[in-house]
Novice: 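Here it is, the structure, as structure tokens.
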Amino acid sequence: MIKIYNTLTRKKEELKPINQNRIKLFVCGPTVYDESHIGHARTYISFDMITRYLKNQGLSVFYLQNITDIDDKIIKRASKLGIQPVELARKYEKEYLEDMHLLGVENVNYYARATEHIPEIINQIERLIANENAYETETGVYFDESSFQDFGKLSRRNVEDLNVHRINPDNNKRNPGDFALWKKRDDEPFWNSPWGKGRPGWHIEDTAITELYLGPRYDIHGGGLDLIFPHHDAEIAQMESVSGEKPMVRYWMHTGFLNVKGEKMSKSLGNFLTIRDLLQDYDPDVFRFFVLSTHYRSPIDFSKSALEQSKNSLGRIYKFMGQIIELIESDLNETNDQDENYINKLELARNNFFKAMDNDFNTPEALSIIFNFIRDFNREINEEKVSKSILKRVMLFIMEWGSIFGFKLIGKEYYEDKTKELIDIITDIREELRDRKDWELSDLIRSKLKDLNIVLEDK
RNA sequence: GCCAAGGUAGCUUAGAGGCGAAGCGGUGGACUGCAGAUCCAUUACACGUGAGUUCAAAUCUCACCCUUGGCUCCA
């Protein structure tokens with residue numbers, strides 16, 4: 001039984017799909033105006049793991065993500081660079097997808113661009129106006145917060161608070177908390193609409209897209225903690241007003257922030273790190289392990305030393321796997337009289353592992369079970385009590401872990417490229433040999449290196 | 001001000017009333033020609049502070065201290 005922490009109820013609830021064993025999942029995608037950063041990576045790695053686990057548990061998942069490819073930031077940046085907004089958006093969308101691929105995020109079934117769903121957006125706004133949930137002003141079309149009783153139910157804010165802290169009141173709006181569905185603009189990229197030229201507001205693309213592909217009600221909606229308010233509250237208001245059905249989403253899932261040295265990562269603080277910067281220095285798997293070694297809802301503090309720790313921890317698992325494979329390829333007995341005992345131990349560990357994952361995807365606890373298991377089995381292996389058939393089962397268990405956490409444990413060497421350092425060591429040793437006038441061995445080294453197209457030229 | 005999340009060994013993190021957890025790191029030992037890997041032991045008064053409830057509190061209650069975040073750009 002999988003339990004999920006639902007932001008809406010602030011409780012863990014049993015996952016019950018709306019439709020048999022199918023899960024419809026939507027996660028808010030990025031606004032593609034710049035390179036993606038490691039905070040994005042944290043969120044999308046988390047939902048990738050979640051999707052992998054749901055699939056492992058026999059659920060059929062349709063994972064949809066939007067791409068916000070039109071908004072103020074894109075337009076501003078593009079005009080600064082003297083290029084078309086669409087050009088900028090496509091460039092960063094491409095980089096985003098490449099980054100995700102490198103990080104092993106590969107379970108999104110469909111990416112939906114906002115600009116390719118303008119008719120659906122307009123149609124949804126028209127229905128909101130018809131329902132008297134929205135109204136038109138000189139500057140655009142706005143959602144009327146007072147028309148939706150549950151407004152703010154996800155973030156648990158009340159409307160009065162929202163109105164007090166409004167920064168720039170727009171006098172055309174009925175309530176300060178009303179948000180734009182359609183912005184009337186004709187000096188920027190625009191689309192024609194019943195309200196003239198303009199472009200969509202921030203929140204409407206998601207509900208237009210999810211209504212099209214997932215319907216008015218679906219299972220899980222995810223995103224970063226920072227989207228709860230106002231974005232997800234706005235989505236609920238829009239969709240539940242349009243359809244009259246509720247809840248729009250059964251389970252709201254939010255990932256915690258990634259901080260750097262205890263502070264929020266931001267460009268102004270100078271602690272901003274893009275995925276590309278990160279991957280200059282670290283293996284994607286190491287970052288992935290780092291992310292999954294903290295619960296997805298907890299804040300996670302990024303630092304070089306934390307990544308070093310992750311690298312060593314992950315290395316332990318890779319080494320164990322290497323050892324297992326080596327033994328399976330050895331001439332060990334296929335079975336022995338201890339097998340039953342080990343099958344029981346293995347099953348116990350496996351059950352505990354799944355129990356941890358069932359509990360709101362508790363990857364840190366699941367990892368601690370894996371490490372305990374590895375220690376115990378290392379001990380047994382040292383004492384040479386384990387047969388080949390057991391080792392094969394162990395291998396399958398670790399690989400199952402790998403498939404859920406997103407690590408390819410086979411066919412991937414776990415070491416850094418130290419070629420340059422290695423050559424330095426070899427040439428140093430050869431220099432030592434030459435000093436000793438061991439011409440035979442130093443010539444042999446030179447010729448062996450030449451076979452590898454590495455040419456040494458002595459002065 | 002309002003609303004959240006959090007403070008657990010040197011570090012990174014789980015746990016949520018009852019045998020002191022996992023990894024990383026440090027130290028010692030076993031194994032090894034040496035090293036590594038691995039194992040064992042050890043390092044640790046482990047639970048922000050002060051009260052309370054309870055046979056029993058890191059876990060529940062209250063108060064307080066501290067950190068971080070959100071409060072219409074945000075993953």
Side-chain angles (χ1 to χ4, degrees), chain A residues 7 10 27-31 33-34 36-47 65 68 71-74 76 96 145 152 155-158 160-170 173 176-180 201-203 222-234 254-267 275 289-290 292-303 305-320 322-323 326 356 359 362-383:
Chain A
T7 308
R10 315 277 155 123
V27 175
C28 287
T31 300
Y33 75 106
D34 200 352
S36 298
H37 56 70
I38 56 177
H40 294 108
R42 196 267 165 109
T43 292
Y44 299 124
I45 287 171
S46 297
F47 282 105
Q65 201 172 99
T68 303
D71 100 324
D72 291 344
K73 290 194 292 291
I74 293 173
K76 200 173 159 191
Y96 167 70
E145 67 167 24
S155 65
R156 306 206 168 180
R157 280 157 211 252
N158 51 53
E160 297 87 72
D161 284 349
L162 307 185
N163 292 348
V164 168
H165 290 282
R166 180 67 196 176
I167 293 167
N168 296 313
D170 177 344
K173 296 200 298 188
D178 293 354
F179 54 88
W202 177 31
H203 315 296
L225 203 60
D226 46 352
L227 295 180
I228 294 175
F229 181 84
H231 188 50
H232 291 161
D233 270 326
H254 293 96
T255 53
F257 286 119
L258 182 147
N259 297 320
V260 177
K261 287 175 190 160
E263 290 176 314
K264 184 178 175 177
M265 181 173 63
S266 75
K267 285 182 180 171
I275 294 169
F289 188 92
F290 165 72
L292 297 177
S293 60
T294 300
H295 186 85
Y296 76 89
R297 280 189 283 115
S298 300
I300 185 169
D301 201 49
F302 179 89
S303 69
S305 76
L307 276 198
E308 288 297 333
Q309 289 187 19
S310 295
K311 184 176 153 187
N312 292 337
S313 303
L314 181 60
R316 186 174 168 85
I317 297 176
Y318 273 90
K319 283 169 196 159
F320 178 71
Q323 165 90 335
E326 206 171 292
N359 181 17
N362 194 332
T363 52
E365 194 178 342
L367 274 176
S368 116
I369 287 154
I370 292 288
F371 280 116
N372 271 322
F373 173 79
I374 286 178
R375 174 161 39 70
D376 288 347
F377 256 80
N378 267 324
R379 189 166 48 227
E380 306 301 337
I381 287 168
N382 284 347
E383 294 177 14

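A note on names: the letters A, B, ... follow the listed sequences, proteins ahead of strands, and every chain is numbered from 1. Below, each value reflects all heavy atoms present in this structure, side chains not excepted, and no hydrogens, waters or symmetry copies.
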Novice: Any side-chain N or O of A/N259 below 4.0 angstrom from OP1/OP2 of B/G69?
Specialist: no

Novice: At 4.0 Å (heavy atoms only), tell me whether A/F371 reaches a base, stays on the sugar-phosphate, or touches nothing.
Specialist: sugar-phosphate

Novice: Across the strands shown, which category fits A/I370 at heavy-atom distances under 4.0 angstrom: base, sugar-phosphate, nothing?
Specialist: nothing

Novice: Distance check, P atoms only: B/U59 and B/U27, in whole angstrom units.
Specialist: 35 Å

Novice: Check whether any side-chain N or O of A/H40 sits under 3.5 Å from a backbone N or O of A/H37 as a donor-acceptor pair, and report yes or no.
Specialist: yes

Novice: Write down the distance between CZ (A/F377) and P (B/A22), rounded to a whole number of angstrom.
Specialist: 18 Å

Novice: What is the nucleic acid contact for A/G39, judged by heavy atoms within less than 4.0 Å: base, sugar-phosphate only, or nothing?
Specialist: base

Novice: Touch check for A/N362, heavy atoms < 4.0 angstrom, all strands: base, sugar-phosphate only, or nothing?
Specialist: sugar-phosphate

Novice: Identify the pairs formed between an N or O of the protein and an N or O of nucleotides 4-12 of chain B at a distance under 3.5 Å, and give each distance.
Specialist:
residue : atom : partner : partner atom : Å
B/C11   : O2'  : A/Q309  : NE2          : 3.0
B/C11   : O2   : A/Q309  : OE1          : 3.2
B/C11   : O2   : A/Q309  : NE2          : 3.1
B/U12   : O4'  : A/Q309  : OE1          : 3.4

Novice: Please give, in whole Å, the distance from B/U38 C1' to A/I317 CD1?
Specialist: 15 Å

Novice: Base, sugar-phosphate, or nothing: which does A/S368 touch, judged by heavy atoms less than 4.0 Å apart?
Specialist: sugar-phosphate

Novice: What nucleotide among B/G25, B/G23, B/A75 has an atom nearest to a side-chain atom of A/N312?
Specialist: B/G25

Novice: Roughly how many Å is it from NE2 in A/H231 to P in B/C71, rounded to a whole number?
Specialist: 14 Å

Novice: Between the protein and nucleotides 39-42 of chain B, list every N/O to N/O distance that falls short of 3.5 Å.
Specialist:
residue : atom : partner : partner atom : Å
B/C39   : OP1  : A/R316  : NH2          : 2.9
B/C39   : OP1  : A/N378  : ND2          : 3.4
B/C39   : O4'  : A/N382  : ND2          : 3.4
B/C40   : OP1  : A/R379  : NH1          : 2.3

